[in-house]
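One-based numbering, in listed order, for ligands and for the atoms of each. None of the values given here were measured: they were computed from a predicted structure.
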Amino acid sequence: MRLIIFGPPGAGKGTQAQLLANKFGIPQIATGDILREAVKEGTDLGKMAKTYMDRGQLVPDEVVIGIVEERLRRPDCAKGFILDGFPRTVKQAEALENMLKKLGVKLDAVVNLEVDEEEVVKRITLRRTCRNCGAVYHLVFNPPKKEDVCDRCGGPLYQREDDREETVRNRLKVYREQTEPVLKFYEARGLLRNINGNLSIDQVFQEVLKALGVQ
Ligand code: ADP
Ligand code: ADP
Ligand code: ZN
């Protein structure tokens with residue numbers, strides 16, 4: 001299975017990508033997670049990316065395209081993969097198409113999570129992320145068993161710098177202007193599957209499986 005999980009910030013891409021990755025036994029490739037890891041390690045890439053991420057802007061296409069190209073070549077992607085948060089511009093979508101052609105593989109579907117803007121803001125502003133493993137929680141909709149502690153690894157939970165309300169509004173603007181046009185690109189290729197992402201985590205997962213024709 002080769003999938004893209006698409007949608008505005010806070011739509012539930014990471015949450016659904018994780019569930020799908022577990023179900024199919026294929027890797028979740030989240031460009032946001034890879035960039036945050038680089039920021040944590042303080043590499044040159046991380047330092048550069050941070051200046052964009054803190055403002056809610058996109059990291060330059062060449063940088064992100066390079067990251068994904070390297071990642072897709074690794075052997076664990078041979079059986080499939082789930083792209084989460086990439087592509088985010090038409091240029092990235094075109095670059096991905098070329099990469100996949102070179103690798104001799106095809107996408108199965110682009111799952112688009114449609115969520116109302118007010119719901120997205122509620123989701124993001126109460127999102128908590130594990131500093132250690134990147135697992136994602138929500139203080140109300142998906143709380144950890146123990147406050148501020150990751151169920152999966154015991155690591156501390158924190159609020160992402162870019163998840164504060166001021167930055168969130170800017171990210172939504174960036175989404176509408178630069179990312180939404182990617183939907184047309186995939187619609188034209190017959191790959192787009194629109195899903196009502198306003199439902200509960202489990203209901204959305206069932207809808208996604210239905211759209212993919214699996215149970
Ligand atoms: P969300 O899950 O809330 O949509 P992400 O974790 O995917 O956020 O991304 C966080 C930030 O990382 C983005 O605001 C952007 O600065 C950067 N980023 C992630 N993926 C990309 C991408 N494909 N192209 C450019 N920037 C990206
Ligand atoms: P994205 O990767 O698109 O930015 P996430 O998967 O990180 O989105 O989800 C954003 C926030 O909303 C997280 O706090 C997550 O726990 C919560 N969330 C995800 N899916 C749902 C849902 N269907 N209903 C309610 N909350 C959700
Ligand atoms: Zn953790």
closest protein heavy atom to atom 13 (C) of ligand 2 is V136 CG1, 3.5 Å
Considering only heavy atoms, does V59 approach ligand 1 within less than 4.0 Å through its side chain, its backbone, both, or neither?
both
Report the protein N/O/S neighbours of the Zn ion (ligand 3) that fall below 2.8 Å; do not count waters.
C130 SG, C133 SG, C150 SG, C153 SG
Would you mind checking which non-hydrogen protein atom is closest to atom 20 (N) of ligand 1, with the distance to 0.1 Å?
T31 OG1, 2.8 Å
Please check whether V204 reaches ligand 2 - meaning an N/O of the residue sits under 3.5 Å from an N/O of the ligand, judged on distance alone.
no
Considering only the protein, which heavy-atom contact is closest to atom 6 (O) of ligand 2, and what is its distance?
T15 OG1, 2.6 Å
For atom 23 (N) of ligand 2, what's the nearest protein heavy-atom neighbour? Residue, atom name and distance, please.
L199 O, 2.8 Å
Contact atoms of ligand 1, heavy-atom distance to Q57 under 4.0 Å:
15 (C), 16 (O)
Under 4.0 Å between a side-chain nitrogen and a carboxylate oxygen: does that hold for R55 and E166?
no
Between R127 and ligand 1, find which residue part has any heavy-atom pair under 4.0 Å and reply side chain, backbone, both or neither.
side chain
If you compare R88, R171, K91, Q92 by their heavy atoms, the one closest to atom 4 (O) of ligand 1 turns out to be R88
Would you say I124 has any N or O atom under 3.5 Å from an N or O of ligand 2, going by distance alone?
no
What is the minimum heavy-atom distance between I195 and A211, and which atoms define it?
CD1-CB, 3.6 Å
Which option, R160, R123, K50, K13, owns the non-hydrogen atom nearest atom 10 (C) of ligand 1?
R160
Shortest protein heavy-atom distance from atom 18 (N) of ligand 1, along with the residue and atom involved:
L35 CD1, 3.6 Å
Heavy-atom nearest neighbour in the protein, as seen from atom 2 (O) of ligand 2, with distance rounded to 0.1 Å:
G14 N, 2.8 Å
Is the cationic atom of R189 (NZ for Lys, CZ for Arg) positioned less than 6.0 Å from the six-membered ring centroid of F185 and within 45 degrees of its normal?
yes
For the student: nearest non-hydrogen atoms of F81 and I29, plus distance
CB-CD1, 4.0 Å
Give the residue and atom name of whichever protein heavy atom lies nearest to atom 14 (O) of ligand 2, and the separation in Å to one decimal.
Y137 O, 2.7 Å
Side chains of Q28 and D84, donor plus acceptor under 3.5 Å:
yes
Salt bridge R73-E70, side-chain N to carboxylate O under 4.0 Å:
no
In this structure, does ligand 2 have an atom that sits under 4.0 Å from one of the heavy atoms of G7?
no
Are any of the side-chain nitrogens in E94 or K91 under 4.0 Å away from the carboxylate oxygens of its partner?
no
For atom 21 (C) of ligand 2, what's the nearest protein heavy atom and its distance?
I201 CG1, 3.3 Å
Smallest separation among heavy atoms of Q159 and T125, with atom names:
NE2-O, 3.1 Å
Going by an N to O cut-off under 4.0 Å, is there a salt bridge joining D54 and R164?
no
Decide, yes or no, whether a salt bridge links R176 with E117 under the criterion of side-chain N to carboxylate O below 4.0 Å.
yes
Is it the case that the side chains of T167 and D162 hold a donor-acceptor pair, with the cut-off being a distance below 3.5 Å and no angle test?
no
Could you check whether R171 makes a cation-pi contact with Y175, meaning its NZ or CZ is under 6.0 Å from the centre of the six-membered ring and within 45° of the ring axis?
no
SB check K173 E177 (cutoff 4.0 Å):
yes
Atom 17 (C) of ligand 2: which of H138, E119, K122 has the nearest heavy atom?
H138
Atom 8 (O) of ligand 2 [closest protein heavy-atom partner, distance rounded to 0.1 Å]:
G12 N, 3.0 Å
Give the numbers and elements of all ligand 2 atoms closer than 4.0 Å to a heavy atom of F141.
25 (C), 26 (N)
Check: V64 N/O within less than 3.5 Å of ligand 1 N/O
no
Taking distance alone, with N or O pairs closer than 3.5 Å, would you say Y52 contacts ligand 1?
no
What do we get for A30 next to ligand 2 when only non-hydrogen atoms under 4.0 Å count, side chain, backbone, both or neither?
neither
Any nitrogen or oxygen of G85, side chain or backbone, less than 3.5 Å from one on ligand 1?
yes
Looking only at protein heavy atoms, identify the closest one to atom 12 (O) of ligand 1 and say how far it is in Å.
M53 CE, 3.4 Å
Quiz item: cation-pi between R128 and Y137, 6.0 Å / 45°
no
Report, in ascending order of atom number, the atoms of ligand 1 lying under 4.0 Å from any heavy atom of R36.
6 (O), 10 (C)
Pair D61-Q92, side chain to side chain donor-acceptor pair (under 3.5 Å): steps then yes or no:
CA-CA 6 Å; D61 284 332; Q92 292 178 17; 2.9 Å; yes
Carboxylate-amine/guanidinium contact R2 D108, below 4.0 Å:
no
Taking H138 for its side chain and K122 for its backbone only, find out whether a donor-acceptor pair lies under 3.5 Å.
yes
Would the number of heavy atoms belonging to other residues, nucleotides or ligands and lying under 6.0 Å from CG of N22 be above 12?
yes
Which atoms of ligand 1 sit under 4.0 Å from any heavy atom of P9?
3 (O), 4 (O)
To the nearest 0.5 Å, what is the distance between OH on Y186 and CG on L107?
5.5 Å
